[in-house]
Amino acid sequence: MEIAPSDFKKFNDLLKIVKINIEDFDEFLSLNPHIYRSIRGHAFEVWFDREMKERNVAITSVGGDNVVDRVINKKTLQLKTTYIKATIAGKMVGYRMHKTHGAEVKPYCYYKKNEFADFLVGLHPTDGVIICPRQYLPTRGEVSKKLDYPECLADPLPFDWNTKWLNRYDLLGVDIKDYPTIVEHSRSETKYFPKLISKIGFTDFDIIHAIIDEKNFRIWFQLIVGTIREFHFYKFAQTHGINLSQPKKLSTRGNQKVDYVLDSGTRIQVKGLTKGMSSDKILGCETQGSHGRVPNRLYQKTDFDFIAIVIDPNTIHVDTAKKLNIITEDYNFVILPISKLHKHPRSKEWGAEYIKSSFLFKADEVEYNRFELLK
DNA sequence: GGTTATACCATTCATAGTTG
DNA sequence: CAACTATGAATGGTATAACC
């Protein structure tokens with residue numbers, strides 16, 4: 001599938017914003033599972049859209065935070081790729097079906113049938129897609145008599161490899177005889193993202209469209225722009241003779257809350273700025289995790305030693321940059337010891353020293369690019 | 001000891017709810 | 001009623017407790 005020149009330009013303009021070339025970008029994506037698995041999910045949507053359009057099926061995309069991804073003939077669809085650990089070639093196919101935010105404990109983390117889209121459209125590894133009506137999705141009770149909340153949808157959600165729900169386009173009221181499957185693609189369709197595609201499949205077209213679709217803002221603004229800050233921080237540290245390693249030998253909590261460790265053992269958490277909290281003079285930074293609720297979601301004072309705030313190009317106002325003698329067109333870095341972050345007032349109530357979920361600082365009252373702090 | 005079930009996780013943005 | 005706090009949101013994965 002040809003990528004329209006205007007779409008390719010849009011994509012290249014995005015790469016310029018984060019100052020990375022396409023080869024490095026391919027490698028970067030292929031090394032970050034939390035990014036490429038998101039791209040895999042949205043690339044599946046792009047793939048499914050184009051297979052439907054090629055067959056003259058009208059399909060509409062529903063953006064936003066919704067259990068519905070697509071609509072065909074007024075039937076709502078939720079698209080999912082396989083959950084690899086619950087998929088055994090030739091035997092079964094499994095999908096992850098939990099809610100990934102909120103309390104994240106049962107029963108709230110499970111779907112009830114009436115909460116789900118009309119149909120699950122699940123990617124099958126070799127034979128097309130599973131199209132299963134909501135009322136036939138297996139429940140916890142059907143998977144095992146031992147499970148509580150038997151009325152909730154199973155997670156993982158299992159299907160036989162040769163399930164009767166394979167390619168049931170008839171249920172969507174469309175006439176498709178040649179069932180589309182994901183297949184090996186020619187080199188001309190996989191030339192920009194060879195490394196990423198070796199991990200997730202699909203094609204350059206599917207990946208580029210998944211990234212540039214503004215409805216998938218989490219891919220670009222959160223996952224890519226957010227994580228590429230770590231990439232730039234790593235590179236700048238290297239040019240200052242500082243070696244950063246992945247946390248591996250820390251406790252479970254440490255491995256989760258720390259982005260990099262120095263050879264000395266000093267732990268660093270890398271953050272970007274938060275758009276909605278920042279203006280020309282005041283910059284805002286969120287310092288909390290992405291899941292759960294307080295206090296679980298908050299960082300503790302003992303979780304890391306330094307916070308490194310990575311400031312995107314052209315964020316600092318030109319006047320401020322001039323005054324501070326920094327180049328606003330570059331990435332800039334503010335490195336602070338965790339002691340500078342404010343203690344959460346409810347720490348006593350919660351029985352540990354927590355830090356507040358965000359903080360503000362004046363752009364001209366902090367020091368920039370002080371990598372010597374990490375030596 | 002292998003398997004399954006549960007809780008918790010990455011990225012930042014958006015907004016509802018609460019407080020002063 | 002502005003400022004701040006808490007919560008939920010997409011993609012789908014891992015660590016470990018609990019189980020047989």
Side-chain angles (χ1 to χ4, degrees), chain A residues 29 32-46 62-69 78-88 94-110 122-123 140 143-144 146-149 152 154-158 199-200 210-211 213-231 246-247 251-259 269-278 282 284-298 309-310 312 342 344-346 354 356-360:
Chain A
L29 296 178
N32 280 280
H34 68 284
I35 305 180
Y36 69 63
R37 65 202 196 208
S38 264
I39 294 179
R40 179 169 174 247
H42 287 298
F44 172 44
E45 297 174 350
V46 176
V62 179
D65 295 336
N66 199 302
V67 72
V68 173
D69 296 324
Q78 164 76 222
L79 277 64
K80 285 195 177 288
T81 60
T82 51
Y83 176 42
I84 288 162
K85 282 189 130 178
T87 300
I88 303 164
Y95 301 95
R96 211 70 164 89
M97 294 294 282
H98 60 160
K99 300 175 190 175
T100 54
H101 290 89
E104 291 196 271
V105 292
K106 60 180 191 178
Y108 311 107
C109 59
Y110 299 124
L123 179 63
R140 287 167 62 77
V143 165
S144 168
K146 280 174 256 170
L147 296 176
D148 51 6
Y149 305 102
C152 293
D155 173 41
L157 186 87
K199 300 251 180 183
I200 69 169
I211 291 171
D213 185 345
E214 280 148 33
K215 287 192 286 306
N216 302 338
F217 73 96
R218 286 193 168 85
I219 288 191
W220 178 254
F221 278 106
Q222 298 186 196
L223 289 165
I224 294 176
V225 176
T227 309
I228 227 160
R229 292 171 182 145
E230 294 180 11
F231 168 86
Q246 302 291 324
S251 66
T252 299
R253 186 176 175 94
N255 285 335
Q256 287 169 345
K257 311 292 181 195
V258 174
D259 291 322
Q269 166 67 224
V270 180
K271 287 282 173 198
L273 293 176
T274 300
K275 205 166 68 177
M277 294 171 58
S278 300
I282 307 282
C285 180
E286 272 192 62
T287 43
Q288 66 175 344
S290 51
H291 287 256
R293 295 170 171 168
V294 295
N296 228 10
R297 183 166 178 170
L298 302 176
I309 304 164
V310 180
D312 295 343
H342 301 290
H344 196 289
R346 293 172 69 186
Y354 289 90
K356 293 176 92 165
S357 59
S358 66
F359 72 104
L360 300 171

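A note on names: the letters A, B, ... follow the listed sequences, proteins ahead of strands, and every chain is numbered from 1.
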J.: Compare the minimum distances between each of dT6(B), dC13(B), dT5(C) and the side chain of Lys356(A), then state the nucleotide with the smallest one.
T.: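 So the side chain of Lys356(A) is nearest to dT5(C).
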
J.: At under 4.0 Å between heavy atoms, what does Arg40(A) touch on the DNA or RNA strands: base, sugar-phosphate, or nothing?
T.: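 Since only primed, P, OP1 and OP2 atoms lie under 4.0 Å of Arg40(A), the category is sugar-phosphate.
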
J.: Answer with base, sugar-phosphate or nothing: what part of the nucleic acid does Asn66(A) contact at a heavy-atom distance below 4.0 Å?
T.: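 Sugar-phosphate contact only.
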
J.: NA contact type, Ser357(A), heavy-atom cut-off 4.0 Å: base, sugar-phosphate, or nothing?
T.: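 Answer is nothing: Ser357(A) stays at 4.0 Å or more from every strand.
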
J.: Would you kindly give the CD-to-P distance between Glu286(A) and dT15(B), to the nearest whole Å?
T.: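 Taking atom P of dT15(B) as the reference, CD of Glu286(A) is at 14 Å.
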
J.: Could you tell me whether Thr100(A) contacts a base, only the sugar-phosphate backbone, or nothing, with contacts defined as non-hydrogen atoms closer than 4.0 Å?
T.: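 Base, at least one base heavy atom under 4.0 Å.
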
J.: Counting side-chain heavy atoms from CB outward, which of dA15(C), dG13(C), dA10(C) is closest to Tyr83(A)?
T.: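 Comparing dA15(C), dG13(C), dA10(C) against the side chain of Tyr83(A), the answer is dG13(C).
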
J.: How long is the straight-line distance from CG of Leu360(A) back to OG of Ser278(A), given to the nearest 0.5 Å?
T.: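 Result: 8.0 Å between the selected atoms.
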
J.: Does dA10(B) have its OP1 or OP2 closer than 4.0 Å to a side-chain nitrogen or oxygen of Thr227(A)?
T.: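 Answer is no, no contact under 4.0 Å.
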
J.: Both Phe217(A) and Leu360(A) contact DNA chain C. Which one's nearest nucleotide lies toward the 5' end?
T.: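 Per heavy-atom nearest nucleotide, the more 5' residue is Leu360(A).
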
J.: Would you classify Glu104(A) as touching base, sugar-phosphate or nothing, given that sugar-phosphate means primed atoms plus P, OP1 and OP2, and contacts are heavy atoms under 4.0 Å?
T.: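 Glu104(A): base contact, heavy atoms under 4.0 Å.
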
J.: Would you mind telling me which of dT7(C), dG12(C), dA10(B) lies closest to the side-chain atoms of Leu223(A)?
T.: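 When the side chain of Leu223(A) is considered, dA10(B) is the closest of dT7(C), dG12(C), dA10(B).
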
J.: For the residue pair Asp69(A) and Phe44(A), establish whether any side-chain heavy-atom pair is separated by less than 4.5 Å.
T.: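 No, every pair of side-chain atoms sits at 4.5 Å or beyond.
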
J.: What's Asp213(A) touching, base or sugar-phosphate or nothing? Going by heavy atoms closer than 4.0 Å.
T.: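 Result for Asp213(A) = nothing.
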
J.: Given dA6(C), dT14(C), dA7(B), which nucleotide is nearest the side-chain atoms of His344(A)?
T.: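 The answer is dA6(C).
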
J.: For Phe221(A), look at atom CZ and say whether over 12 heavy atoms of other residues, nucleotides or ligands are found less than 6.0 Å away.
T.: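 Counting neighbours around CZ of Phe221(A), 12 or fewer heavy atoms of other residues, nucleotides or ligands fall under 6.0 Å, so no.
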
J.: The side chain of Asp69(A) is closest to which nucleotide in this list: dT11(C), dC9(B), dA6(C)?
T.: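 Nearest nucleotide to the side chain: dT11(C).
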
J.: Base, sugar-phosphate, or nothing: which does Arg293(A) touch, judged by heavy atoms less than 4.0 Å apart?
T.: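 Contact class for Arg293(A): sugar-phosphate only.
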
J.: Of all the nucleotides listed (dT12(B), dG12(C), dG13(C)), which has the minimum atom distance to the side chain of Gln222(A)?
T.: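 My answer, after comparing the listed nucleotides, is dT12(B).
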
J.: Any base atoms under 4.0 Å from Lys257(A), or only sugar-phosphate, or nothing? Heavy atoms, all strands.
T.: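 Contact class for Lys257(A): sugar-phosphate only.
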
J.: Establish whether the base of dA10(B) is bridged to the side chain of His291(A) by a donor-acceptor pair shorter than 3.5 Å.
T.: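 Indeed, a donor on one side and an acceptor on the other fall under 3.5 Å apart.
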
J.: Measuring only between side-chain heavy atoms, which start at C-beta, is Ile35(A) closer than 4.5 Å to Ile224(A)?
T.: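 The answer is yes, as the side chains (C-beta and beyond) meet within the 4.5 Å cut-off.
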
J.: Base, sugar-phosphate, or nothing for Ile35(A), non-hydrogen atoms under 4.0 angstrom?
T.: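 Result for Ile35(A) = nothing.
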
J.: Using a 4.0 Å heavy-atom cut-off, does Tyr36(A) contact any base of the nucleic acid, only the sugar-phosphate backbone, or nothing at all?
T.: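 No contact.
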
J.: What residues form a side chain to side chain donor-acceptor pair (under 3.5 Å) with Thr87(A), not counting sequence neighbours?
T.: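 Partners of Thr87(A) by the side chain to side chain donor-acceptor pair (under 3.5 Å) criterion come out as none, since no residue qualifies.
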
J.: If you check the Arg297(A) side chain, which of dG13(C), dT12(B), dA10(C) turns out closest?
T.: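 In terms of side-chain proximity for Arg297(A), the closest of dG13(C), dT12(B), dA10(C) is dT12(B).
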
J.: Quick one: which of dA10(B), dT7(C), dA7(B) gets closest to the side chain of Lys106(A)?
T.: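 Among the listed nucleotides, the one closest to the side chain of Lys106(A) is dA7(B).
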
J.: Which nucleotide wins on minimum distance to the side chain of Lys275(A), given the candidates dG13(C), dC13(B), dA6(C)?
T.: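 Nearest listed nucleotide: dC13(B).
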
J.: Can you tell me how far CD of Gln288(A) sits from CZ of Arg297(A), rounded to the nearest 0.5 angstrom?
T.: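 The distance works out to 4.0 Å.
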
J.: Shorter than 3.5 Å, N or O on both sides, protein versus nucleotides 17-19 of chain B: list them out with atom names.
T.:
none

J.: Given the ring of Tyr149(A), does Arg140(A) sit roughly above its face, with NZ or CZ under 6.0 Å from the centre of the six-membered ring and within 45° of the axis?
T.: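 No - Arg140(A) does not lie over the ring of Tyr149(A) by the 6.0 Å and 45° rule.
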
J.: Has the side chain of Arg140(A) got a donor or acceptor atom sitting under 3.5 Å from an opposite partner on the base of dT4(B)?
T.: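 No, no donor-acceptor pair under 3.5 Å.
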
J.: By nearest heavy atom, map Thr82(A) and Lys146(A) onto DNA chain C; which one lands nearer the 5' end?
T.: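 So the residue in question is Thr82(A).
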
J.: Side chain of His101(A), base of dA9(C): donor and acceptor closer than 3.5 Å?
T.: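 Counting by modelled atom types and ignoring angles, a donor-acceptor contact under 3.5 Å is found here.
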
J.: NA contact type, Gly292(A), heavy-atom cut-off 4.0 Å: base, sugar-phosphate, or nothing?
T.: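 Nothing, no nucleic acid heavy atom in range.
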
